[in-house]
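Everything on this sheet refers to the single structure shown next.
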Amino acid sequence: MKEPSPGIKIGDIAFIDLADFNDNLNQKGWKYIYTLENKYKQCKIDLPKIDRYFNLPRILEHEFIGHAILKLSDKAHELAEKEKEINGPVPVEAKLGNIIRREINLPDRIIYISKREDSLSVNFGYLNGSNDPDPNIKPIIIFDEERGYRTINHPPEFPKDHGRFEINRNDVDKLLTIKYYKTIKYDVHKKTFDFD
């Protein structure tokens with residue numbers, strides 16, 4: 001959500017372009033990079049499915065419920081340092097988004113947005129998790145031609161750093177072109193919705 005114009009308060013406008021999503025409700029142009037991908041491959045474990053981490057329902061929760069209804073912001077300085085560490089990087093994630101993710105067993109959004117020269121990324125992990133291997137799964141022994149036999153622990157069940165969604169800056173420009181939108185008006189006094 002961009003900084004509001006003068007006279008417009010957080011929550012007065014929540015804007016979501018439905019053309020930015022594919023038929024599976026995932027955002028176009030983003031790819032997920034797993035922190036422990038090699039470990040999953042070595043242990044012959046399927047990568048966790050990421051179809052619900054950062055899709056249309058999560059965006060609706062963040063933009064519409066978080067900003068428009070609850071008036072929560074994306075400004076990190078409004079949170080105490082301990083709250084950031086435990087619940088998330090910005091109020092809208094700490095007080096809503098990550099609470100919902102935990103209820104449906106998804107990793108927390110741990111970095112709101114990270115900007116690089118050629119890309120943007122959003123990081124996920126379990127803020128209250130652990131990088132220790134899952135104690136219920138025994139380590140495996142593999143043969144490596146360079147190092148011989150070695151033991152590999154399985155990836156942790158709830159890693160502190162799970163991975164990140166990343167998008168190339170060129171793709172961001174494509175998504176900024178407005179293609180299809182629906183206006184949702186919320187009357188704060190009557191607590192009713194109107195769809196245009």
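Given the structure is predicted, the values throughout are model-derived calculations rather than measurements. We number each residue from 1, following the sequence as shown.
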(request) Treat each ILVMFWY residue as a node, draw an edge where side-chain heavy atoms are under 4.5 Å apart, and state whether L47 and V122 are in one component. (result) yes

(request) Could you tell me whether a side-chain N or O of H154 sits under 3.5 Å from a main-chain N or O of K138, the two making a donor and an acceptor? (result) yes

(request) Drop me the distance from N87's CG to N128's CG, to the nearest 0.5 angstrom. (result) 7.5 Å

(message) Please determine whether side-chain contact (heavy atoms from CB on, under 4.5 Å) holds for the pair L127 and I86, giving the CA-CA distance in whole Å, both sets of side-chain angles, and the decisive distance to 0.1 Å.
(response) CA-CA 6 Å; L127 288 165; I86 295 170; over 6 Å; no

(message) Which label fits H67 and H62: parallel for a plane angle under 30°, tilted from 30 to 60°, or perpendicular past 60°?
(response) perpendicular

(request) Write out all pairs satisfying salt bridge (Lys or Arg N to Asp or Glu O under 4.0 Å) with one or both partners inside residues 27-43, taking only residues at least two apart or from two chains. (result) E37-K41

(request) I would like to know whether F158 and N105 meet side-chain contact (heavy atoms from CB on, under 4.5 Å); could you show each step before the answer? (result) CA-CA 10 Å; F158 301 106; N105 202 25; 3.7 Å; yes

(request) Kindly state each residue pair satisfying salt bridge (Lys or Arg N to Asp or Glu O under 4.0 Å) with at least one member in residues 114-124, sequence neighbours excluded. (result) R116-E166

(message) So which atom in W30 and which in L120 form the shortest heavy-atom distance, rounded to 0.1 Å?
(response) CZ3-O, 4.0 Å

(message) With rounding to the nearest 0.5 angstrom, report the CD1 to CZ distance, I59 to F21.
(response) 5.0 Å

(request) For the residue pair R109 and F54, establish whether any side-chain heavy-atom pair is separated by less than 4.5 Å. (result) yes

(request) Spell out, yes or no, whether I65 and I100 are grouped together once hydrophobic residues are joined by side-chain heavy atoms under 4.5 Å, including indirect joins. (result) yes

(message) Hydrophobic clustering (ILVMFWY, side-chain heavy atoms < 4.5 Å, transitive) - are V90 and Y126 grouped together?
(response) no

(message) Show the nearest heavy-atom pair for residues P159 and L36, with the distance to one decimal.
(response) CB-CD1, 4.1 Å

(request) Examine I113 and L72 and state if one hydrophobic cluster contains both, with Ile, Leu, Val, Met, Phe, Trp and Tyr joined whenever side-chain heavy atoms are less than 4.5 Å apart. (result) yes

(request) For atom CG of D51, decide whether the heavy atoms of other residues, nucleotides or ligands shown that lie under 6.0 angstrom number more than 12. (result) yes

(request) List the steps and the verdict of side-chain contact (heavy atoms from CB on, under 4.5 Å) for R164 and I33. (result) CA-CA 5 Å; R164 70 184 186 275; I33 298 164; 3.6 Å; yes

(message) So if I apply the salt bridge (charged side-chain N to carboxylate O under 4.0 Å, His left out) rule between E93 and each of R58, R101, K75, K84, which one comes out positive?
(response) R101

(message) Donor-acceptor check, side chain of N24 to backbone of N26, threshold 3.5 angstrom: yes or no?
(response) no

(request) Measure the CD1-CD1 distance between I104 and I99 for me, rounded to the nearest 0.5 Å. (result) 12.5 Å

(request) May I ask you to test the F64-I69 pair for a side-chain heavy-atom distance under 4.5 Å? (result) yes

(request) Give a yes or no on whether the backbone of P133 and the side-chain of N153 come within a donor-acceptor separation of less than 3.5 Å. (result) no

(request) Specify the closest pair of heavy atoms between P155 and I45, including all atoms of both residues, with the distance to one decimal. (result) CD-CD1, 3.8 Å

(message) Looking at every non-hydrogen atom in both residues, tell me the closest pair between N131 and K160 and how far apart they are.
(response) OD1-N, 3.1 Å

(request) Return the minimal non-hydrogen interatomic distance between L79 and P91, and the atom names on each side. (result) CD1-N, 3.6 Å

(request) Classify the angle between the aromatic ring planes of Y53 and F124 as parallel (below 30°), tilted (30 to 60°) or perpendicular (above 60°). (result) tilted

(message) Tell me if a side-chain donor or acceptor on N168 pairs with a main-chain N or O of N170 at a distance below 3.5 Å.
(response) yes

(message) If hydrophobic clusters are built from ILVMFWY residues whose side chains come within less than 4.5 Å, do Y112 and I110 share one?
(response) no

(request) Indicate the atoms forming the closest heavy-atom contact of I16 with L56, along with that distance. (result) CG2-CD1, 4.0 Å

(request) Output the distance between atom CD1 (I50) and atom OH (Y32), rounded to the nearest 0.5 Å. (result) 7.5 Å

